Novice: 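Okay, here's the structure, questions in a sec.
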Amino acid sequence: RLTLEEDQIERQCGVGKHLLIHLIERRLLRADPRTGSTYYELSHDTLVVPILRDRDERDPDAVVRSADAERISGNYSTAIGLYERAVKLQPSNVLANVQWATTLTQVGRFEEAAGVLTTAVKRGVRHESLHHLLGRIYAAKGNQKTAIEQYAEALKLNDSLATAHADLAAAYRDDKQPDNAVRYYERSIALDPQNAQT
């Protein structure tokens, strides 16, 4: 319950004097005239929790954090719904898109996961993790050609991903292209010598 000055509220929140007066009439705010200006605060502490909850429901990052907590707790259905809401709030949110698709794959909904990632890419979201995960989904479905395309796209965006190089190598191996497989395994090991056993 911070007290804020009228001009500060208008600058930071875009709330003008007419709306402030309306909120006072509804007894949601209390006005305190002081030295040439008016200061406002919430009229009661019980308003803080619902306001914060509403703010968090409109903040995609807060929704993603809630979804992450649900996923960690094993509440996959709730997590999937929250990730979807975060993407609706901010379609370009890379983390929300990737976590939504990852959670869908965890419950075996591969087609939906691929749809989430493909939609994000069509919207112009550019991030290596979208393509890397798409590659893994296609590889799991046995579509090595499309997996290779997606891994290659991920590496165009970030060539230093040792795991993407290793996954691309595995896709080439499964696609009966051993020379390409060796080349990408070598690149993966060069980037991450600790991962040489894989």
Side-chain angles (χ1 to χ4, degrees), residues 59-198:
D59 175 10
D61 294 330
V63 176
V64 168
R65 286 190 298 274
S66 296
D68 287 344
E70 293 293 339
R71 181 180 47 79
I72 290 166
S73 298
N75 300 324
Y76 297 116
S77 180
T78 303
I80 288 166
L82 288 168
Y83 289 129
E84 183 177 7
R85 179 159 21 121
V87 168
K88 284 180 181 170
L89 290 169
Q90 185 183 27
S92 64
N93 188 312
V94 172
L95 183 60
N97 279 289
V98 170
Q99 293 293 74
W100 183 14
T102 299
T103 308
L104 286 166
T105 61
Q106 286 177 314
V107 296
R109 293 162 60 181
F110 296 102
E111 291 297 326
E112 290 176 69
V116 166
L117 297 170
T118 302
T119 300
V121 169
K122 285 179 182 173
R123 285 186 184 133
V125 181
R126 292 191 43 84
H127 198 273
E128 63 269 14
S129 58
L130 297 171
H131 295 286
H132 191 186
L133 184 53
L134 261 173
R136 285 185 165 175
I137 291 168
Y138 284 113
K141 290 168 44 176
N143 185 343
Q144 300 309 321
K145 297 265 188 246
T146 307
I148 288 167
E149 291 170 7
Q150 292 301 321
Y151 292 140
E153 195 62 37
L155 291 171
K156 278 185 204 171
L157 295 170
N158 184 352
D159 189 55
S160 64
L161 296 171
T163 55
H165 282 281
D167 288 343
L168 179 54
Y172 274 126
R173 180 197 64 217
D174 294 345
D175 198 45
K176 309 289 190 267
Q177 298 185 49
D179 292 342
N180 284 330
V182 168
R183 183 162 45 108
Y184 284 100
Y185 277 130
E186 287 172 347
R187 178 74 174 129
S188 176
I189 291 167
L191 288 167
D192 185 6
Q194 298 295 326
N195 205 20
Q197 295 108 288
T198 62

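Note that this is a predicted model, so its numbers are computed, not measured.
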Novice: Just so I know, are the side chains of E112 and I80 near enough to count as touching, which here means a heavy-atom distance under 4.5 Å?
Specialist: no
Novice: Can you list every side-chain hydrogen bond (donor to acceptor under 3.5 Å, both in side chains) pair that touches residues 98-108, not counting sequence neighbours?
Specialist: D68-Q99
Novice: Can you tell me how far apart CD (Q150) and CG (D167) are? Round to the nearest 0.5 Å.
Specialist: 12.5 Å
Novice: Say whether, by atom type as modelled, one donor and one acceptor occur between the side chain of H165 and the main chain of D159 under 3.5 angstrom.
Specialist: yes
Novice: Looking only at heavy atoms, which two atoms of P91 and N97 are closest? And how far apart?
Specialist: O-ND2, 3.1 Å
Novice: Determine the minimum heavy-atom distance between A171 and I148, stating which atoms define it.
Specialist: CB-CG1, 3.6 Å
Novice: Between CG of L191 and CG of L161, what distance do you get to the nearest 0.5 Å?
Specialist: 8.5 Å
Novice: When you compare the side chains of D175 and Q144, does any donor N or O come within less than 3.5 Å of an acceptor on the partner?
Specialist: no
Novice: Any salt bridge linking K156 with E153? Criterion: basic side-chain nitrogen under 4.0 Å from a carboxylate oxygen.
Specialist: yes
Novice: Can you pull the side-chain hydrogen bond (donor to acceptor under 3.5 Å, both in side chains) pairs that have at least one residue in residues 115-125, sequence neighbours excluded?
Specialist: none
Novice: Got a sec, which pairs hit ring-ring contact (aromatic ring centres under 6.0 Å, His included) with one end in residues 111-148, sequence neighbours left out?
Specialist: H132-Y151
Novice: Determine the minimum heavy-atom distance between A96 and A86, stating which atoms define it.
Specialist: CB-CB, 3.9 Å
Novice: Return the minimal non-hydrogen interatomic distance between V94 and S129, and the atom names on each side.
Specialist: CG1-OG, 3.8 Å
Novice: With S66, which of D61, T78, D59, L82 fulfils side chain to side chain contact (heavy atoms under 4.5 Å, CB included)?
Specialist: L82
Novice: Tell me yes or no: between the side chains of Y83 and R71, is some donor less than 3.5 Å from an acceptor?
Specialist: yes
Novice: What pair of heavy atoms forms the shortest contact from A147 to A139, and how long is it?
Specialist: CB-N, 3.7 Å
Novice: Side chains of T163 and R136: does their closest heavy-atom pair fall under 4.5 Å?
Specialist: yes
Novice: Using every non-hydrogen atom in the two residues, find where L117 and L130 come nearest and quote the distance to one decimal.
Specialist: CD2-CD2, 3.5 Å
Novice: Can you tell whether the side chains of E149 and K145 come within less than 4.0 Å, N to carboxylate O?
Specialist: no
Novice: Quick check on K88: does its NZ atom have over 12 non-hydrogen neighbours (other residues, nucleotides or ligands) under 6.0 Å away?
Specialist: no
